[in-house]
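Each remark here refers to the structure printed beneath this line.
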Amino acid sequence: MIVVDTNVLAYLLLPCELSSRADALYKKDPEWAAPVFWRSEFRNLLAGYLRRRMLAFEQVVQVQSEAEAILSGNEYEVGSRHVLELVRDSDCSAYDCEFVALAIKLGVKATTVDKKLLKAFPDYTTRLPAA
């Protein structure tokens with residue numbers, strides 16, 4: 001199991017330059033986890049695709065459904081105190097710290113391309129590997 005931030009999930013489901021890397025990671029370890037708020041963050045990302053007319057409404061609904069299937073059973077609550085402690089000790093957003101808090105809780109690393117997270121929490125994060 002690995003914790004993935006919302007962008008890694010997006011790279012898997014929305015074609016881009018990092019999609020092959022996300023696909024290779026998923027093939028290596030398909031048990032992905034995320035804090036429950038990932039859904040709102042992912043919906044917001046899809047809203048951008050919809051508003052810029054990069055995807056049609058039914059396409060964004062389908063992508064959201066696929067994302068939910070991937071994370072089904074692996075969505076977790078994280079403690080507010082722990083998240084806020086991570087915020088206090090870094091320059092990272094509370095949103096980003098939720099992924100780190102979950103990684104710590106599960107005893108795994110959070111996979112990301114977020115340079116701030118990687119720098120602030122090197123013991124709990126890992127870079128999205130090359131394909």
Side-chain angles (χ1 to χ4, degrees):
M1 175 185 290
I2 56 173
V3 171
V4 294
D5 75 13
T6 304
N7 287 327
V8 173
L9 184 61
Y11 302 148
L12 179 69
L13 298 174
L14 299 164
C16 70
E17 62 191 41
L18 297 176
S19 291
S20 63
R21 293 169 61 182
D23 187 57
L25 179 66
Y26 188 69
K27 286 177 181 168
K28 181 179 176 185
D29 186 350
E31 192 174 1
W32 287 12
V36 292
F37 100 98
W38 78 268
R39 288 175 181 246
S40 295
E41 193 173 45
F42 198 77
R43 286 183 198 119
N44 193 54
L45 184 146
L46 290 175
Y49 276 77
L50 186 61
R51 288 189 179 116
R52 290 187 304 274
R53 292 182 166 76
M54 296 171 71
L55 292 174
F57 177 76
E58 290 305 325
Q59 289 174 299
V60 297
V61 170
Q62 178 62 35
V63 171
Q64 181 69 35
S65 179
E66 290 172 24
E68 290 172 6
I70 289 168
L71 290 171
S72 178
N74 289 320
E75 299 171 78
Y76 298 89
E77 292 285 344
V78 291
S80 295
R81 181 178 182 90
H82 192 199
V83 171
L84 293 171
E85 287 169 346
L86 295 169
V87 169
R88 175 195 64 203
D89 298 339
S90 72
D91 287 331
C92 299
S93 72
Y95 301 119
D96 289 339
C97 287
E98 286 207 26
F99 293 97
V100 176
L102 180 59
I104 293 168
K105 178 179 179 174
L106 297 177
V108 299
K109 295 216 174 190
T111 301
T112 185
V113 296
D114 187 305
K115 292 176 184 170
K116 282 174 83 173
L117 271 181
L118 290 162
K119 183 178 178 183
F121 303 106
D123 293 339
Y124 307 112
T125 59
T126 188
R127 184 176 311 279
L128 178 64

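One is the number of the first residue; the rest follow in order along the sequence. Atom set for the values below is all heavy atoms of this structure, side chains included, hydrogens, waters and symmetry mates excluded.
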Could you grab the distance from atom [atom1] of [X] to atom [atom2] of [Y], nearest 0.5 Å is fine?
X: Leu12; Y: Leu128; atom1: CG; atom2: CG; result: 10.0 Å
X: Thr6; Y: Asp96; atom1: OG1; atom2: CG; result: 8.5 Å
X: Leu46; Y: Gln64; atom1: CG; atom2: CD; result: 5.5 Å
X: Leu118; Y: Cys92; atom1: CG; atom2: SG; result: 9.0 Å
X: Leu117; Y: Thr126; atom1: CG; atom2: OG1; result: 12.0 Å
X: Ser65; Y: Ile70; atom1: OG; atom2: CD1; result: 10.0 Å

Answer yes if [X] and [Y] sit in the same cluster of Ile, Leu, Val, Met, Phe, Trp and Tyr residues linked by side chain heavy atoms under 4.5 Å apart, and no otherwise.
X: Val87; Y: Val100; answer: no
X: Met54; Y: Phe42; answer: yes
X: Leu71; Y: Val36; answer: no

Looking at [X] and [Y], what are the two nearest heavy atoms and their distance?
X: Tyr124; Y: Ala103; result: O-CB, 3.9 Å
X: Cys16; Y: Tyr11; result: SG-CD2, 3.5 Å
X: Asp91; Y: Lys116; result: O-NZ, 2.8 Å
X: Ala34; Y: Val4; result: CB-O, 4.0 Å
X: Leu13; Y: Glu66; result: CD2-OE1, 3.6 Å
X: Pro129; Y: Arg21; result: O-NE, 3.1 Å

Which label fits Tyr26 and Trp32: parallel for a plane angle under 30°, tilted from 30 to 60°, or perpendicular past 60°? perpendicular
Just by modelled atom types, is the Phe121 backbone N or O under 3.5 Å from a matching donor or acceptor in the Thr125 side chain?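 Present.
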Counting distance only, does the side-chain N/O of Lys105 pair as donor-acceptor with the main-chain N or O of Gly79 below 3.5 Å? no
Please confirm whether Phe37 and Phe99 have ring centers closer than 6.0 angstrom.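 Judged by ring-centre distance (under 6.0 Å), Phe37 and Phe99 do meet the cut-off.
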Is [X] atom [atom1] crowded by more than 12 heavy atoms from other residues, nucleotides or ligands, each under 6.0 Å away?
X: Tyr76; atom1: OH; result: yes
X: Arg52; atom1: CZ; result: yes
X: Arg127; atom1: CZ; result: no

Would a 4.5 Å heavy-atom cut-off, applied to side chains only, mark [X] and [Y] as touching?
X: Leu55; Y: Leu50; answer: no
X: Glu75; Y: Glu68; answer: no
X: Asn7; Y: Asp114; answer: no
X: Gln62; Y: Phe57; answer: no

Residues Thr111, Asp5; criterion side-chain contact (heavy atoms from CB on, under 4.5 Å); working and verdict: CA-CA 6 Å; Thr111 301; Asp5 75 13; over 6 Å; no
Per side-chain contact (heavy atoms from CB on, under 4.5 Å), Val3 is matched among Thr112, Leu106, Ile104 by Leu106
Full working for side-chain contact (heavy atoms from CB on, under 4.5 Å) between Leu14 and Leu45: CA-CA 11 Å; Leu14 299 164; Leu45 184 146; 3.5 Å; yes
Apply side-chain contact (heavy atoms from CB on, under 4.5 Å) to the pair Glu98 and Val83, showing each step before the final yes or no. CA-CA 6 Å; Glu98 286 207 26; Val83 171; 3.9 Å; yes
